[in-house]
Amino acid sequence: MKALDVLIDYSRKYGADPALVNAGGGNTSAKEGDVMYVKCSGTALKDATADSFARMDMNALRQILTRHYPDTDREREAAFLADMMAARCPGEENKRPSVETLLHAIFPQKYVLHLHPALVNGLTCSRGGEALAREIFGDGVVWIPACRPGYILAMLMNDRFEAAGDKINVVLLENHGVFFAADTSEGLAALLDDMMAKLGARVGQKPDVVPDAPEPVPGTGARLAALGGFACWHFLGGRTAEEFASSREAAEDMMTPFDPDQVVYCGAGAQFVEDATTVASIDAKVAIVRGVGLYAFGKDEKSARNTMLLTADSMNIAVYTRSFGGASHLSEELVDFLVHWEAESYRQKV
């Protein structure tokens, strides 16, 4: 079977599992000679076809790792993006490769799988994450501290790879997700299954989140959506949602994003609403209503549903972090960077 066919198969397989992928999250790649196929930005793994992947020149991508870029965020990322787009093979000019393309190129293995599972991010978004990763997985997993995505993350990861010397199969990204790399799709499955099993065995509390639950007081969602200028909404219930909505203090872990996907689909933070009947305005895509539950909003049905899925993901992560030392959110600086990052703005548009 050709590398691209294998890539499509495992992209669809993992992309269809909501425990591993939500909305347009995650990306995959396959190398064949001097060409790497990588998922295009804004496409969904579960719907992968040959057109979902851009062909990239590996030699051109390696050259990016040797270049020096401006220090300022906007200028650096613009120059980095221009070089990455220039690394597309002839005929791929109408495709935009994943912003994490260079990270895929750093791995020498043939196949790479990048995911943001809530269970894994329970570890990467926890205060005890790095120490526990060493305890659970030993030296077989590399931990990358939270940093600006794009060029900065790629260079940090490349430095770690050069320092390690040996072939690295698994990378955990703080407040982000995980990379698996292997020369076969079976190898990827083994690495993923091992991590999920080991982390699952450590979890003492499991979340109970019910997306698309019936709202306790009909009409509340429509009123709140109208206040925020949104066209659509979804309600999230279940014991975990009820817990977070019980008080402003209880909602604290849901007020700030844990990872980049939550920034993209849910915005920079949630709004706590003391009383849905008297609140004057809704200024966020997620509203936590005291004693009721959580509402997710969007400009259209797809947007509202993605907000709901990532809100559920955030609740799941928040609960899982309790088994790994407690929650650790994205810094205000990183949230601000992501909100204004052109690469994520593009992904949100498509």
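Heavy-atom contacts from other residues, nucleotides or ligands closer than 6.0 Å to CD of Glu252 number 12 or fewer. By the 6.0 Å contact criterion, CD on Glu249 is open, its count of non-hydrogen atoms from other residues, nucleotides or ligands being 12 or less. Within a 6.0 Å radius of NZ in Lys198, more than 12 heavy atoms belonging to other residues, nucleotides or ligands are found. Applying the 6.0 Å contact sphere to CD of Glu332 captures no more than 12 heavy atoms from other residues, nucleotides or ligands.
A donor-acceptor pair under 3.5 Å links the side-chain atoms of Arg88 to the main chain of Glu93, judged by distance alone. For the pair Arg127 (side chain) and Ala327 (backbone), a donor-acceptor distance under 3.5 Å is present. At least one donor-acceptor pair under 3.5 Å links the side chain of Arg76 to the backbone N or O of Asp71. The main-chain N or O of Gly219 is found under 3.5 Å from a side-chain atom of Glu215 such that the two form a donor-acceptor pair. Using modelled atom types, one side-chain atom of Lys39 and one backbone atom of Gly26 make a donor-acceptor pair closer than 3.5 Å. Lys285 places no side-chain N or O within donor-acceptor distance of the main-chain N or O of Thr307, the cut-off being under 3.5 Å. Of the possible polar contacts, none joining the Lys302 side chain to the Asn306 backbone as a donor-acceptor pair under 3.5 Å is found. The closest donor-acceptor contact from the side chain of Ser126 to the backbone of Gly326 lies at 3.5 Å or more, if one exists at all. Side chain of Asp183 to backbone of Lys110: a donor-acceptor contact under 3.5 angstrom is found. At least one donor-acceptor pair closer than 3.5 Å links the side chain of Glu174 to the backbone N or O of Ala146.
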CA sep, side-chain torsions, deciding dist, call: Thr49, Asp51, side-chain hydrogen bond (donor to acceptor under 3.5 Å, both in side chains): CA-CA 5 Å; Thr49 66; Asp51 288 337; 4.8 Å; no

Intermediate values then yes/no, salt bridge (charged side-chain N to carboxylate O under 4.0 Å, His left out), Asp139 and Arg134: CA-CA 7 Å; Asp139 296 331; Arg134 284 197 299 270; over 6 Å; no

Check against salt bridge (charged side-chain N to carboxylate O under 4.0 Å, His left out), Glu135 and Arg202: CA-CA 12 Å; Glu135 177 186 325; Arg202 292 279 186 135; 3.0 Å; yes

Derivation of the side-chain hydrogen bond (donor to acceptor under 3.5 Å, both in side chains) call for Thr72 and Glu75: CA-CA 6 Å; Thr72 59; Glu75 292 179 346; 3.1 Å; yes

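Here OG1 of Thr124 is found 7.0 Å from CG of Leu172. Values are rounded to the nearest 0.5 Å. Here the CZ-CG distance, from Phe53 to Leu4, works out to 7.0 Å after rounding to the nearest 0.5 Å. One finds the CG atom of Asp259 at 7.5 Å from the CG atom of Asn175 (value rounded to the nearest 0.5 Å).
The pair Glu333-Arg148 meets the salt-bridge criterion, with a side-chain N (NZ, NE, NH1 or NH2) lying under 4.0 Å from an Asp/Glu carboxylate O.
The shortest side-chain heavy-atom distance between Leu236 and Val209 falls under the 4.5 Å cut-off. Residues Leu227 and Val279 have side chains in contact (heavy-atom distance under 4.5 Å, counting atoms from C-beta outward). Pro211 is not listed as a side-chain neighbour of His234, based on a closest heavy-atom distance of 4.5 Å or more. Residues Cys232 and Lys299 form no side-chain contact, since every pair of their non-hydrogen atoms from C-beta on lies 4.5 Å or further apart. Side-chain contact between Pro149 and Val99 is absent, with no heavy-atom pair separated by less than 4.5 Å. Residues Val171 and Met157 form a side-chain contact, since some pair of their non-hydrogen atoms from C-beta on lies under 4.5 Å apart. No side-chain heavy atom of Arg290 sits under 4.5 Å from any side-chain heavy atom of Val273. Under the 4.5 Å side-chain criterion, counting only non-hydrogen atoms from C-beta, Ile168 is not in contact with Arg160.
Hydrophobic clustering (ILVMFWY, side-chain heavy atoms < 4.5 Å, transitive): Val319 and Leu132 are in distinct clusters.
Residues meeting the ring pair (Phe, Tyr, Trp, His ring centres under 6.0 Å) test with Phe161, sequence neighbours left out: Phe107. Partners of Phe297 under the ring pair (Phe, Tyr, Trp, His ring centres under 6.0 Å) rule, at least two apart in sequence or in another chain, are Phe230. With sequence neighbours left out, the ring pair (Phe, Tyr, Trp, His ring centres under 6.0 Å) criterion links His114 to His116, His176, Phe179. With sequence neighbours left out, His329 forms a ring pair (Phe, Tyr, Trp, His ring centres under 6.0 Å) with Phe258.
Listed here is the closest heavy atom pair of Pro257 and Gly267: CG-O, 3.6 Å.
A side-chain hydrogen bond (donor to acceptor under 3.5 Å, both in side chains) check over residues 216-227, counting only residues at least two apart or in different chains, returns nothing. Identified under the side-chain hydrogen bond (donor to acceptor under 3.5 Å, both in side chains) test for residues 9-30, with sequence neighbours left out: Ser11-Thr28, Asn27-Ser98, Asn27-Glu100, Asn27-His104, Ser29-His104.
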